[in-house]
Amino acid sequence: MKNNNKIWDVIVIGGGAGGMFAASIAGSRGKSVLVLDKNKNLGEKLKITGGGRCNITNNEPDIHKMLKVYGEAAPFLYSPFSIFGVKDTFKYFESRGLPLVVQARNRVFPVTEKALDVFKILEKEMEKNHVVVKSNTPVRRINVKGALIESVETNNGLLYAKSFILATGGMSHPETGSTGDGLKWLRDIGHSVKDSSPDIVPLAVSDNWVKSLAGVSLSFMKITFYKDGQRQFSKTGKILFTHFGLSGPLILNSSKKVDDLLQNEGKVTASIDAYPDTNEGKLEESIIKVFDNNKNKIWRTILKEIVPSGMQKAIEFIDLSLDFNIKVHSITKEDRKKFVKLLKNLPVNITNLMGYERAVVADGGVTLQELDMKTMSSKLYKNLFIIGDLLNISRNSGGYSLQICWTTGYIAGMSV
Ligand SMILES: Cc1cc2nc3c(=O)[nH]c(=O)nc-3n(C[C@H](O)[C@H](O)[C@H](O)COP(=O)(O)OP(=O)(O)OC[C@H]3O[C@@H](n4cnc5c(N)ncnc54)[C@H](O)[C@@H]3O)c2cc1C
């Protein structure tokens, strides 16, 4: 195998959000840095974050509150977040000409709402700091010598460095290049890696009425999940209807618990309350008013005045015993009550979680106990630094994943 004689200060494997950030930080310290990525272009996943708008972090400057989101990983993250936290993310991007804005649920976006602008900042920083990028260069394996990483193997032969930053990401959206290679290598060299499963992921459902609403997003809905008819938990927020089922922040952040429900035998269902802040009695009163004002009209023609915008067509699919072709004055009290109940309990049958291809992040990763969190270095191989989605840190959607990339990328870049 061809040997490339140069010994880099740092080789970064994977040029996603974490890898690019870490590379530019290491470069800013005068280190010679080489980034290797198997894709033609870097940052493919970063460019699709937040639906192309990039939810860059979450505006929670209180470390204690922020870290609650990371569950069992929280105790490991105090030190990293006190080195580079949310305020530092604001400072880093804003001082480089990318103003940020806080939106609903404390989510932070670039004012331009373009993920590409975040990518461009990282690209510019790498260039400024003389980082060398070799794209179209898949790494095949990492080679160990004693308690150190010695080289990486590519199509172009072996490449050597004093330190290696592993930033190959997790397994969600594999078309962006994240296919779990790093997780396999870490296992091979003796690290404990928790198995991966799709996390923060949309739900597949069997109901045609849901699919008929593909593209509609309704902002104030309550969804309650059931296992074999037994109530499990409820959440209120925005639901996005898709051609395969349900998505949107509310659903994504429920997916972990739904996954647990799907693990054992039994039927998992849900019901959506389209009017969570109105009880059945009040809802019926307001519907009666609409009916009184439209007695001679056909029921289906006035649905738009009652049901949430965009839902009129779907509602006709759900309960076929209701005939929306009759005149309003012919609606029986029984059917009116049935209609009210329907709007408070739209039925959903959950069949599955969508797979890696639609997951925002995949669960699992290297066990944090095996890392020195003040440097992000492996306790088994002192010159190996592990960052971003490779770490076993569960979290919700809301900017928390990219903040992990900035935090751990900064620390690794400063420590190599
Ligand atoms: C649709 C979607 C939307 C998201 N939106 C948000 C959001 O708004 N806010 C948020 O905080 N998080 C969001 N996330 C999560 C966030 O994108 C990830 O947490 C983040 O990109 C992880 O960065 P990373 O650098 O660890 O890995 P990645 O971004 O996955 O980068 C890994 C890189 O390694 C390269 N690579 C892999 N294997 C090899 C190999 N063998 N050789 C060479 N290179 C290799 C890949 O090509 C890739 O470029 C979203 C994720 C998805 C899928």
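Position 1 is the first residue of the sequence; numbering continues from there. For ligands, and for the atoms within them, numbers begin at 1 and follow the listed sequence. Hydrogens, waters and symmetry mates are skipped; everything else that's a heavy atom, side chains included, is used.
- Between Tyr410 and Phe21, the ring-plane angle classifies as tilted under the 30° and 60° cut-offs.
- Residue Leu402 approaches ligand 1 through these ligand atoms, each under 4.0 Å from one of its heavy atoms: 9 (N), 10 (C), 11 (O), 12 (N).
- Neither the backbone nor the side chain of Trp406 has any atom closer than 4.0 Å to an atom of ligand 1 (non-hydrogen atoms only).
- At a 4.0 Å heavy-atom cut-off, ligand 1 touches His173 through the side chain alone.
- A cation-pi arrangement is not found for Lys211 relative to Phe244, the charged atom failing to lie both closer than 6.0 Å to the ring centre and inside a 45° cone about the ring normal.
- Using a 4.0 Å cut-off to heavy atoms of Gly50, the atoms of ligand 1 that qualify are 3 (C), 4 (C), 5 (N), 6 (C), 7 (C), 8 (O).
- Every atom of ligand 1 is numbered from 1 in the order shown, and the set under 4.0 Å from a heavy atom of Ala167 is 32 (C), 33 (C), 34 (O).
- Asn59 and Arg107 share no donor-acceptor pair across their side chains, judged by distance under 3.5 Å alone.
- Under the 3.5 Å distance criterion, with hydrogens and angles disregarded, a donor-acceptor pair is assigned to the side chains of Asn143 and Arg141.
- Residue contact check for ligand 1: Thr179 places no non-hydrogen atom closer than 4.0 Å to it.
- Judged by the 6.0 Å distance and 45° axis criteria, Arg395 is not positioned over the aromatic ring of Tyr70.
- With no hydrogens or angles considered, no side-chain donor-acceptor pair links Glu370 and Ser378 at under 3.5 Å.
- Across the listed options Glu357, Met171, Lys38, Gln403, Lys38 owns the non-hydrogen atom lying nearest to atom 43 (C) of ligand 1.
- Near Tyr400, with a cut-off below 4.0 Å to any heavy atom, the atoms of ligand 1 are 11 (O).
- Near Ile48, meaning under 4.0 Å from any of its heavy atoms, are these atoms of ligand 1: 1 (C), 3 (C).
- For the pair Leu46 and ligand 1, no heavy-atom separation below 4.0 Å is found.
- Salt-bridge check for Glu123 with Lys120: failed, with every basic side-chain N at 4.0 Å or more from each acidic carboxylate O.
- Across Val361, Thr408, Val360, Ile387, heavy-atom proximity to atom 50 (C) of ligand 1 is greatest for Val360.
- Salt-bridge check for Asp181 with Lys38: passed, with a basic side-chain N closer than 4.0 Å to an acidic carboxylate O.
- The heavy atom nearest to atom 16 (C) of ligand 1, considering only Ile386, Leu391, Thr49, Ile404, is found in Thr49.
- Inclusion of Gly18 in the set of residues having an N or O under 3.5 Å from an N or O of ligand 1 is warranted.
- Both the backbone and the side chain of Ser401 come within 4.0 Å of ligand 1, judged by heavy-atom distances.
- Remark: Glu125 engages Arg96, Lys128 in a salt bridge (charged side-chain N to carboxylate O under 4.0 Å, His left out) (not counting sequence neighbours).
- Taking a 4.0 Å cut-off on heavy atoms, Gly182 fails to register as neighbouring ligand 1.
- Between Trp209 and Phe241, the ring planes lie tilted relative to each other; the angle falls in the 30° to 60° range.
- The N/O atoms of Val139, backbone and side chain alike, include one that comes under 3.5 Å of an N/O atom in ligand 1.
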